[in-house]
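See structure below.
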Amino acid sequence: MAISVDTPEVSARLCRKAGLTYTFLSDPKEDVLRQYDLVHAKGGPGGTDISRPAEFLVDSTGTVRWVNFTEDIRVRARADEMLAAAREIR
Amino acid sequence: MSPQNIRRNKLIWIGLLLTIAAVLSQGLYFTRLPGQHVFPWLNLALAIVAVILLTIGLLRAFRQPDLYRGKISGSISTLLAVVILIFTVTMFVDVRKVPASAGAPKVGQKAPDFMLSDIHGQNVSLSQLLSSPEGGAPPKATLLVFYRGYW
């Protein structure tokens, strides 16, 4: 699932356009971003606060099993890295 | 020395090619190639080497005009390469201004539960996502992807 500061309407448009079917959650008030210490202050267009890119793999007990914090917003976790991490969980 | 013996200033042309390669390599981050993490550095290195080669090429075109060509092409190419380098460095610094996120959940820790609205306006919690059956069985894990938004 994916989380950003985008409103449900904006995320709905993105899902429609890109054909994405997994869960998209909206955190416009940055509550979860603060909870997870991921707020990128003034990182968005027009000096808005956004999320820094980050990926967490959480198992069924709620435990974090794998994380990825990029140092360069152009470089993100690739699908094969995420799948490899998921395969470790049984 | 006769004009026939004036050599082509290879450094200028190599420098220009590297500048073009530096620009083209920007697009490589968006590929799925492994080793994607090195591309930002490769991009920067290409732009720096291009400026160095062009500067040497330009200097010898001006200092030894009877030996090397390239006063005009060298000046244009060097100017272009410097602009590209400034752009590359600015971008390199800019895209790395991400917070350290020292307080983020670490491997082995519990991911704090939360509840947020999905695209249909329904409230969904992390615990719900971790336990709700998908295709019959509850999922083994859930991937949380935090992204910048504004798409």
Side-chain angles (χ1 to χ4, degrees), chain A residues 1-6 8-15 17-18 23-27 31-33 35-41 43-45 48 50-67 69-80 82 85-86 89-90, chain B residues 26 28-34 36-41 43 91-92 94-131 134 138-151:
Chain A
M1 65 110 146
I3 301 177
S4 75
V5 294
D6 286 349
E9 293 75 33
V10 173
S11 297
R13 204 171 345 134
L14 170 64
C15 290
K17 268 195 295 187
T23 307
F24 272 69
L25 300 181
S26 295
D27 189 16
D31 294 328
V32 178
L33 297 189
Q35 195 180 5
Y36 276 68
D37 193 19
L38 300 173
V39 178
H40 186 168
T48 49
I50 57 167
S51 176
R52 62 114 71 221
E55 296 87 16
F56 301 82
L57 190 67
V58 181
D59 70 14
S60 54
T61 71
T63 307
V64 177
R65 300 291 294 268
W66 174 86
V67 290
F69 299 100
T70 184
E71 288 179 345
D72 183 321
I73 61 166
R74 295 173 294 188
V75 179
R76 306 289 174 86
R78 296 189 322 274
D80 59 316
M82 297 187 273
I89 298 174
R90 31 193 115 241
Chain B
Q26 313 261 12
L28 290 174
Y29 322 117
F30 307 108
T31 65
R32 288 155 181 237
L33 289 170
Q36 185 202 30
H37 296 259
V38 304
F39 290 137
W41 296 97
N43 178 221
M91 191 155 81
F92 190 86
D94 216 45
V95 295
R96 296 174 78 86
K97 281 184 193 151
V98 277
S101 299
K106 291 169 184 63
V107 171
Q109 293 179 347
K110 290 273 177 202
D113 199 13
F114 53 81
M115 187 178 271
L116 289 172
S117 170
D118 71 4
I119 60 169
H120 310 294
Q122 304 278 348
N123 279 335
V124 178
S125 69
L126 176 62
S127 48
Q128 237 173 299
L129 285 167
L130 291 171
S131 58
E134 216 168 292
K140 283 196 295 182
T142 295
L143 183 69
L144 274 59
V145 176
F146 288 86
Y147 68 105
R148 292 165 50 84
Y150 287 92
W151 278 62

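Chain letters run A, B, ... following the sequence lines, proteins first and then strands; every chain starts at 1.
The greatest number of non-hydrogen atom pairs below 4.5 Å with chain B, out of A/Val5, A/Leu14, A/Val10, is found for A/Leu14. For the options A/Ala85, A/Ala54, A/Ala77, A/Ser11, heavy-atom pairs under 4.5 Å to chain B are most numerous at A/Ala54. For chain A, the option among B/Ala111, B/Gly149, B/Gly121, B/Gly108 with the highest count of heavy-atom pairs below 4.5 Å is B/Ala111. Here A/Arg74 is the residue among A/Glu71, A/Lys17, A/Arg52, A/Arg74 with the most heavy-atom pairs under 4.5 Å with chain B. When each of B/Pro105, B/Gly103, B/Ala102, B/Ala100 is checked for heavy-atom pairs under 4.5 Å with chain A, B/Pro105 comes out on top. Annotation: maximal heavy-atom pairing with chain A below 4.5 Å, among B/Asp118, B/Leu144, B/Leu130, occurs at B/Leu144.
Contact annotation for A/Thr70: only backbone heavy atoms (N, CA, C, O) come within less than 4.5 Å of a heavy atom of chain B. Both the backbone and the side chain of A/Arg76 come within contact range of chain B, judged by heavy atoms closer than 4.5 Å. The contact between A/Leu38 and chain B is made by backbone and side chain atoms together, counting heavy-atom distances below 4.5 Å. If you measure heavy-atom distances from B/Gln26 to chain A, the contacts under 4.5 Å come from the side chain alone. Only the backbone of B/Asp113 comes within contact range of chain A, with at least one heavy atom under 4.5 Å from a heavy atom of that chain. Of the two parts of B/Phe92, the backbone and the side chain both hold a non-hydrogen atom closer than 4.5 Å to a non-hydrogen atom of chain A.
The two residues A/His40 and B/Pro99 make their nearest non-hydrogen contact at CG-CD, 3.7 Å. When all heavy atoms of B/Ala104 and A/Asp37 are compared, the pair lying nearest together is N-CB, 3.7 Å. Closest heavy-atom contact between B/Lys106 and A/Val64: O-CB, 3.4 Å.
Counting only heavy atoms from C-beta outward, the side chains of B/Phe114 and A/Leu25 approach each other to under 4.5 Å. Put simply, the side chain of B/Val98 reaches to within 4.5 Å of the side chain of A/Ile73, judged on heavy atoms. Taking the side chain as every heavy atom from C-beta outward, A/Val75 and B/Arg96 never approach each other to under 4.5 Å. Counting only heavy atoms from C-beta outward, the side chains of A/Asp6 and B/Tyr150 approach each other to under 4.5 Å. B/Ile119 places a side-chain heavy atom less than 4.5 Å from the side chain of A/Cys15.
Of the inter-residue distances, the one linking A/Met1 atom CE with B/Leu126 atom CG reads 5.0 Å to the nearest 0.5 angstrom. The structure places NE2 of B/His120 at 8.5 Å from OG1 of A/Thr23, a figure rounded to the nearest 0.5 Å. Taken from CG in B/Leu116 to CG in A/Asp27, the straight-line distance is 5.0 Å, to the nearest 0.5 Å. Note that CG of B/Leu143 is 6.5 Å distant from CH2 of A/Trp66, once rounded to the nearest 0.5 Å.
Looking at B/Lys140, its side chain does come within 3.5 Å of a backbone N or O of A/Ile89 through a donor-acceptor pair. The backbone N or O of A/Asp72 lies less than 3.5 Å from no partner atom in the side chain of B/Lys97, so there is not a single donor-acceptor pair. Side-chain N or O atoms of A/Tyr36 include none that pairs as donor or acceptor with a backbone N or O of B/Phe146 at under 3.5 Å.
Counting non-hydrogen atoms of other residues, nucleotides and ligands closer than 6.0 Å to CD of B/Gln109 gives a total above 12.
By the 30° and 60° cut-offs, the orientation of the rings of B/Tyr147 relative to A/Phe24 is perpendicular.
For the residue pair A/Ser4/B/Arg148, the side-chain donor-acceptor check at 3.5 Å is not satisfied.
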